[in-house]
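These values consider heavy atoms only, across backbone and side chains, with no hydrogens, waters or symmetry-generated copies.
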Amino acid sequence: MAEPFDLSRRKALKLFAGVPMLPLGGLATASMLSACGGGSDDLATPVKPVANFVSAAFGSMAAPTLADPASMAKTTVGSTLTVQLSDGSSRTFKLSYQPFFITGDMVPNIQGGTILAGGYVDINNQPIIDKSVPGKERQFYSDCPDGSSLIRLDNPTVKGIKGKAVFAVVQFEYTTRDQSLVSMYGQLPSPIAVLTLDQDQATGKLTLVGYHNVDTSKAHGLWITCGASLSPWNTHLSSEEYEPDATTISTNSQFKGFSRNLYGSETAANPYHYGHLPEVTVNPDGTGSIKKHYCLGRISHELVQVMPDKRTVLMGDDATNGGLFMFVADREADLSAGTLYVAKWTQVSSSGAGAATLSWINLGHATSDEIEALANTLTAADIMDVKTADPADASYTKINFNGTFNWVRVKPGMTKAAAFLETHRYAALAGGSMGFTKLEGTTVNIKDKVLYSAMSRIEKSMVRGNAASTDVAVDKTISAGAVYALNMKGGQSDRSGGAINSEWVPVDMAAPAALVGEDLATADALGNTANAERIANPDNLKFSEKLRTLFIGEDSGMHVNNFLWAYNVDTKTLSRVLSCPAGAESTGLHAVDEINGWTYVMSNFQHVGDWESPLHDKVKATLDPLVRANYKDRFGATVGYLTADPTSIKL
C-alpha cells in the first residue's frame with residue numbers, strides 16, 4: 001500500500017517503499033534532497049507518492065591490475081547497485097567501502113578510555129604480550145578479523161548516542177605472525193568483540209563509539225573462530241574450526257602454544273573443549289556474554305545457518321574429508337539439546353562439480369551439558385581405539401580421516417561420546433559421506449527454500465580414482481571450487497526410517513553453472529591460476545532476501561586479489577562487487593536487509609600481503625611496500641561495510 005503524501009522534504013529518503021537504502025556518506029542528505037528539489041522543510045510543496053521496490057541489480061567492477069597498483073593494495077570498490085521501482089524509474093548507487101577501524105588501532109572502550117582493536121587476552125582477561133623482538137614488546141593483535149553480525153536491540157542503554165544505537169559482533173580468527181615473523185597460527189585464543197555503533201538517521205552511516213571484549217573464560221576460551229551468522233533470535237553464532245585431534249594432542253605443538261598463551265601452561269587446555277559452537281548475546285549496554293554449545297558435533301565449524309523454524313541448523317565443515325551436518329534442536333531458539341545428522345551423498349552426475357540426492361544418518365541425541373561433562377572427564381583413549389596402520393583386526397573399521405586413513409573401534413558404552421566428541425571419525429564409521437574437501441560457508445534462500453554451501457576446492461577425495469574417493473566421485477579436479485544449491489523439504493525420514501522433525505531438510509545437491517570456478521591451464525598475465533571473471537575458492541556466503549542476491553567471499557590461492565561477488569538468483573548474473581588487498585581473503589560477510597530503514601553489507605579481510613609463489617611473483621615487488629604502508633606493516637586489517645557514494649545518487 002502506498003503511503004499518503006508527506007509534505008516534508010526531509011521525508012524524501014523514505015519515499016520509496018521497501019527500497020533497500022544503502023548507508024550513505026556525510027554529504028548524502030543534502031545531495032539527495034537537492035535532487036528532489038531542495039533541502040528545506042517547505043510544507044507547501046507536495047511530494048510524489050510512493051514508488052514500490054521491484055528489484056535490484058549489482059553492476060560489476062573490473063578486477064584491479066598493475067596499471068593502478070594502489071587499487072590492488074587496498075580494499076577497492078568500483079561496483080554499482082541499481083534499484084528498479086514500480087513506476088518504471090530506477091536509482092543507481094555507486095558503492096564504496098567504509099572501515100570502522102584497522103586492527104591495532106586504539107578505539108573507544110565502552111567502559112571508558114581506549115582499548116586495542118583485535119587485541120588478545122588470556123583466560124584472566126589480561127593482555128597477551130608479543131615479546132619476540134626485545135625492546136618492542138606490545139600486546140598481540142589480530143590481522144584476521146572474520147565473522148560478523150549486525151544487531152539491533154529494542155531498548156539500548158548506551159549513553160552518548162546521537163542517532164540510534166546499532167551493535168556489531170566481530171570475531172578475530174587468528175594472528176598470522178609475531179613481530180619476529182614466526183607463525184602464530186592457532187596459538188592464541190580468539191578474541192570476540194561487541195562494537196557499539198551510532199547510526200545517523202539521515203544517512204545510515206555507522207560510527208564506532210564503543211568496543212567491548214567479550215569475556216570467554218567460561219567457554220574455556222575460543223579456538224580459531226572463522227565464519228559466523230546471525231540467529232533468528234538475534235544472537236551471534238560463532239564457530240571453532242579445525243578441531244584439534246585429541247588422539248595426537250601430546251605432540252601437537254600448535255595446541256601447546258595455544259594452551260600456554262591462554263592458561264600459562266602447555267597442558268592446561270583440553271582439546272575436547274574446542275571445535276564447538278559459541279553463541280554471543282549482546283546486552284543493551286554494549287557488552288556481551290557467551291556460551292558454548294557442545295551438542296552440535298565437534299567438527300571444523302566454518303559457520304552455521306539456522307533455518308526459519310529456529311530449530312534446524314545446517315553446518316559448513318571446513319575440513320579435508322569433511323561432511324554435511326544438520327542439527328535439529330528440541331526447542332525453538334535454544335541450541336542446548338537436539339539431534340545430530342550427517343548426510344549421505346548418492347551421486348546422480350559426475351560431470352563438473354557433480355550432483356547427488358541426499359539422505360540423512362541419525363548420529364544421536366544429546367544435551368550440551370552432558371557432552372561438556374563428558375569433555376571434562378574423558379580422553380581420546382577412553383572413547384575410541386584409533387590406529388593409523390591396518391591392525392589386521394576385524395573389529396576395526398577403516399575410515400577416511402583428515403586426508404589419510406584411520407582404523408577405528410568405539411569403546412563399549414562410548415557411542416554418544418564418540419558421536420559428539422569424535423564426530424568426524426564417528427560420522428565416517430556410521431556411513432556418512434565424508435569426502436568433501438573444505439565445505440565452507442552456508443546460507444539460506446528462504447523464499448525458494450534453497451540452502452547454499454561453498455566447496456572451497458573439488459579435489460582428492462571428491463574425484464573419481466583417488467584412493468580416498470567413495471560416495472563423491474566427480475570426473476575431474478576443480479581446484480577453484482564451487483557453490484552448491486541444495487533444495488530443502490519437509491516430511492523426510494533418516495536412513496533408519498525415523499522421522500526427521502524439520503521442514504528444512506536438504507534433499508539434493510548441485511552447483512549452478514555460474515558458481516563453478518574455472519582452473520587455468522597456465523597463469524594469466526597477472527598471475528591468476530583461476531579465471532578472474534568467475535569465483536575461485538568460495539568461502540563466506542550470505543543471502544539477501546530483499547536483493548535476491550547471494551554474496552560470495554573468496555579465500556583463494558588462485559586469484560591474485562580475492563573478491564566479493566554478488567549472484568542474482570533470478571537473473572543468474574554474477575557481479576564483482578569488491579576487491580580485497582592483494583594476499584588477503586574476503587571475510588566477515590553479513591548481509592542485512594534492514595536496520596532502521598537502511599541496508600548493509602558487512603565485509604572484512606584478513607592476512608593482507610600473505611604472499612604465495614608463484615601466484616604473487618609478478619606483483620609482490622610492486623605491491624608489498626604499498627600493503628605495508630596501508631596496513632601496519634601487514635599486521636593490521638580492516639573491519640567495515642559497503643556504503644554508497646552520494647555523488648552518484650540520482651533521484
Worksheet entry | Chi angles and distances behind the side chain to side chain donor-acceptor pair (under 3.5 Å) call for T587, D146 | CA-CA 5 Å; T587 65; D146 207 309; 4.7 Å; no
Discussion item. Rounded at 0.5 Å granularity, tell me how far CE in M602 sits from CG in N540.
Written reply: 12.5 Å
Worksheet entry | pair S190-E173: side-chain heavy atoms closer than 4.5 Å | no
Fill in: Ring centres under 6.0 angstrom apart (F172, F140)
no
Fill in: Under 3.5 Å donor-acceptor, Y211 side chain and G118 backbone
yes
Discussion item. In the structure I gave you, are the side-chain heavy atoms of T443 and L550 within less than 4.5 Å of one another anywhere?
Written reply: yes
Item to complete: Working to the nearest 0.5 Å, report the span between CE of M326 and CD of Q305.
Response: 14.5 Å
Worksheet item: What do the steps show when you test L197 against L208 for side-chain contact (heavy atoms from CB on, under 4.5 Å), and what is the final call?
Response: CA-CA 5 Å; L197 307 169; L208 177 67; 4.0 Å; yes
Practice prompt. Using the test side chain to side chain donor-acceptor pair (under 3.5 Å), find all partners of K632 that sit at least two apart in sequence or belong to another chain.
Written response: D105
Discussion item. Working note: D317 + H424, criterion side chain to side chain donor-acceptor pair (under 3.5 Å); need CA distance, chi angles, decisive distance, verdict.
Written reply: CA-CA 10 Å; D317 181 23; H424 276 134; 2.8 Å; yes
Practice prompt. List the steps, then state whether salt bridge (Lys or Arg N to Asp or Glu O under 4.0 Å) holds for D471 with K344.
Written response: CA-CA 8 Å; D471 302 332; K344 182 77 170 177; 3.3 Å; yes
Worksheet item: Do any N or O atoms from the side chain of N406 and from the backbone of V386 form a donor-acceptor pair under 3.5 angstrom?
Response: no
Item to complete: Spell out, as yes or no, whether a donor-acceptor pair under 3.5 Å connects the side chain of S556 to the backbone of N537.
Response: no
Worksheet item: Does the gap between the ring centers of F420 and Y426 come in under 6.0 Å?
Response: no
Item to complete: Compare all side-chain heavy atoms of L515 with those of L574 and state whether any distance is below 4.5 angstrom.
Response: yes
Discussion item. Has D215 got a side-chain atom pairing as donor or acceptor with I290's backbone, closer than 3.5 angstrom?
Written reply: no
Discussion item. Has Y97 got a side-chain atom pairing as donor or acceptor with S603's backbone, closer than 3.5 angstrom?
Written reply: yes
Worksheet, complete the sentence: side chain to side chain contact (heavy atoms under 4.5 Å, CB included) test vs S148 passes for just one of L230, V169, V170, namely V170
Worksheet entry | Side-chain donor-acceptor contact under 3.5 Å, D369 with T367 | no
Practice prompt. Given ring pair (Phe, Tyr, Trp, His ring centres under 6.0 Å), test Y174 with F258 step by step and report yes or no.
Written response: CA-CA 11 Å; Y174 61 93; F258 171 85; over 10 Å; no
Practice prompt. Look at the side chain of E240 and the backbone N and O of G275, then say whether any donor-acceptor pair between them is shorter than 3.5 Å.
Written response: yes
Practice prompt. For residues V280 and T235, report the shortest heavy-atom separation together with the two atoms involved.
Written response: O-CB, 3.4 Å
Practice prompt. Output the distance between atom CD1 (I371) and atom CG (L340), rounded to the nearest 0.5 Å.
Written response: 9.5 Å
Practice prompt. Could you tell me which non-hydrogen atom of H236 sits nearest to which non-hydrogen atom of A228, and how far apart they are?
Written response: CE1-CB, 3.3 Å
Response to the item:
Value for NE2 (H607) from SG (C144), rounded to nearest 0.5 Å, stands at 6.0 Å
Fill in: Worked check of side-chain contact (heavy atoms from CB on, under 4.5 Å) between T175 and Y141
CA-CA 7 Å; T175 196; Y141 61 86; over 6 Å; no
Worksheet item: Which is it for L150 and Y641 under the side-chain contact (heavy atoms from CB on, under 4.5 Å) test, yes or no, and what are the steps along the way?
Response: CA-CA 10 Å; L150 202 61; Y641 63 100; over 6 Å; no
Worksheet entry | Interatomic distance, L277 atom CG to I299 atom CD1 [nearest 0.5 angstrom] | 9.5 Å
Practice prompt. Could you pull out the closest heavy-atom pair between K292 and H273, with the gap in Å?
Written response: NZ-O, 3.0 Å
Item to complete: Check whether any side-chain N or O of Q171 sits under 3.5 Å from a backbone N or O of C226 as a donor-acceptor pair, and report yes or no.
Response: yes
Discussion item. Counting C-beta onward and ignoring hydrogens, is there a side-chain heavy-atom pair between Q126 and V121 closer than 4.5 Å?
Written reply: no
Worksheet item: So, for F325 and T423, which heavy atoms are closest and what is the spacing to 0.1 Å?
Response: CE2-CG2, 3.7 Å
Worksheet entry | Close side-chain approach of R634 to R177, heavy-atom, < 4.5 Å | yes
Item to complete: Would you indicate whether the side-chain heavy atoms of T442 and M315 approach each other to under 4.5 Å?
Response: no
Discussion item. A quick test of your reading: do over 12 heavy atoms of other residues, nucleotides or ligands sit less than 6.0 Å from NZ of K256?
Written reply: yes
Worksheet entry | Side-chain heavy-atom pair L547, F58 within 4.5 angstrom cut-off | yes
Practice prompt. Kindly assign one of parallel, tilted or perpendicular to the pair Y452 and F543, based on the angle between their ring planes and the thresholds 30° and 60°.
Written response: parallel
Worksheet entry | Considering all heavy atoms, the nearest I249-P244 contact | CD1-CB, 3.9 Å
Worksheet item: S544 and D593: side-chain donor and acceptor closer than 3.5 Å?
Response: yes
Practice prompt. Start with the C-alpha distance between N125 and N213, add both sets of side-chain angles, then the distance that settles side-chain contact (heavy atoms from CB on, under 4.5 Å), and finish with yes or no.
Written response: CA-CA 9 Å; N125 293 304; N213 261 338; over 6 Å; no
Discussion item. Nearest 0.5 Å, please: how far is CG in L262 from CD1 in I128?
Written reply: 7.0 Å
Fill in: D143 and T176: CA distance, side-chain angles, deciding distance, side chain to side chain donor-acceptor pair (under 3.5 Å) verdict
CA-CA 7 Å; D143 63 324; T176 302; 2.6 Å; yes
Item to complete: Please assess E554 against W565 for the test side chain to side chain donor-acceptor pair (under 3.5 Å), listing each intermediate value before the final yes or no.
Response: CA-CA 8 Å; E554 296 181 336; W565 300 88; 2.9 Å; yes
Worksheet item: Taking all atoms of both residues into account, what is the closest heavy-atom pair of H220 and I123, and its distance?
Response: C-CD1, 4.2 Å
Worksheet entry | Check: S238 main-chain N/O paired with T225 side-chain donor or acceptor under 3.5 Å | no
Item to complete: Mark yes or no for whether S259, through its side chain, and A269, through its backbone, hold a donor-acceptor pair below 3.5 Å.
Response: yes
Worksheet entry | Side chain proximity check, D519 to M558, heavy atoms < 4.5 angstrom | yes
Worksheet item: Sub-3.5 Å donor-acceptor pair from the side chain of S239 to the main-chain atoms of G227, do we have one?
Response: yes
